[in-house]
Amino acid sequence: LLPPQRTRSVKLPPSRARILKSFEGHMKRGSVLIHDGENSHKILTETLGLTEEVHTTKETRNLSDDDNPMGPINAVHRSLKRFMKQHPAYERDDLQDWLNLFWFIYTNRGISIDDKVKKLLQMAVLTRKVIRFRDVFAKKQKNDDLSGHLCKPRLNNIKKFIDILR
């Protein structure tokens, strides 16, 4: 038997339609879009009436992080990448929850753990979520899941969650 051959992944340019679908509900009309000149971003400026600030890779390639106008955006990207690598066992259906958790942690850096927990609990109490008994009960019967879906933890335990917030 021959060892499996490695296949090289091909990076496809993002389509304008996919970019618009991904971002249109998350960007306020008239906002400033700071980007690297990717052609597919043009649909956002055209459709959402955004002002754009373009910094091409060619112009930022040899700049230090401090001088690079894309520095803050790159920092968020690096942090998100590191966060997702630290938590590789997430399910795709839970991706938005993980992104929300990342954003909560990222935007609340520098505040005490007590204040983070307080803020998180306030958000949890103020979030309205409708859970229909029949839906939960039917899933429990169907899957023979004794742990139930109402209390399915997103993370292993509260201690691990608090450690992540630090």
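Annotation: side chain of Leu99 is in contact with side chain of Leu80 (closest heavy-atom distance under 4.5 Å). In this structure, the side chains of Met70 and Ile73 come closer than 4.5 Å at one or more pairs of heavy atoms. Using a 4.5 Å heavy-atom threshold, the side chains of Asp36 and Glu59 count as separate.
Not one N or O on the side chain of Asp67 forms a donor-acceptor pair closer than 3.5 Å with the backbone of Leu63. A donor-acceptor pair under 3.5 Å is absent between the side-chain atoms of Arg61 and the main chain of Lys58, judged by distance alone. Side chain of Thr47 to backbone of Leu44: no donor-acceptor contact under 3.5 angstrom is found.
When hydrophobic clusters are built by joining Ile, Leu, Val, Met, Phe, Trp and Tyr residues whose side-chain heavy atoms come closer than 4.5 Å, directly or via intermediates, Ile111 is not grouped with Leu120.
A distance of 12.0 Å separates NE2 of His77 from CZ of Arg82, quoted to the nearest 0.5 Å. Atom CG of Leu48 sits about 6.0 Å away from atom CG of Leu20, to the nearest 0.5 Å. Within the model, atoms CG of Leu50 and CE of Met27 stand 5.0 Å from one another, a figure rounded to the nearest 0.5 Å. The CD1 atom of Ile34 sits 11.0 Å away from atom OG1 of Thr51, with the distance rounded to the nearest 0.5 Å. The CD1 atom of Ile19 sits 10.5 Å away from the CD1 atom of Ile43 when rounded to the nearest 0.5 Å. Interatomic distance, Ser112 OG to Lys119 NZ, rounded to the nearest 0.5 Å: 11.5 Å.
Inspection of the His26 and Glu24 side chains reveals no N or O donor paired with an N or O acceptor under 3.5 Å. Side-chain polar atoms of His35 and Glu52 form a donor-acceptor pair below 3.5 angstrom.
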Determine, step by step, whether Leu33 and Thr45 satisfy the side-chain contact (heavy atoms from CB on, under 4.5 Å) criterion, reporting the C-alpha distance in whole Å, the side-chain angles of both residues, the deciding distance to 0.1 Å, and the verdict.
CA-CA 8 Å; Leu33 175 64; Thr45 57; 4.2 Å; yes
Q: Could you check Asp94 against Glu91 for side-chain contact (heavy atoms from CB on, under 4.5 Å), going step by step and ending with a plain yes or no?
A: CA-CA 5 Å; Asp94 296 334; Glu91 295 177 25; 4.0 Å; yes
Would Leu101 and Asp97 count as a side-chain contact (heavy atoms from CB on, under 4.5 Å) here? Give the steps. CA-CA 6 Å; Leu101 177 60; Asp97 295 330; over 6 Å; no
TODO: Kindly indicate, with the supporting measurements, whether the criterion side-chain contact (heavy atoms from CB on, under 4.5 Å) is fulfilled by Val117 and Gln122.
DONE: CA-CA 9 Å; Val117 171; Gln122 285 174 338; over 6 Å; no
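Scanning all heavy atoms of the two residues, the minimum distance from Val76 to Phe102 falls at O-CZ, 3.9 Å. Across all non-hydrogen atoms, the minimal contact from Pro69 to His55 is CG-ND1, 3.3 Å. In this structure, Ser79 and Tyr106 approach most closely via the heavy-atom pair OG-CE1, 3.5 Å.
Between His87 and Phe83, the angle of the ring planes lies from 30° to 60°, which puts this pair in the tilted group.
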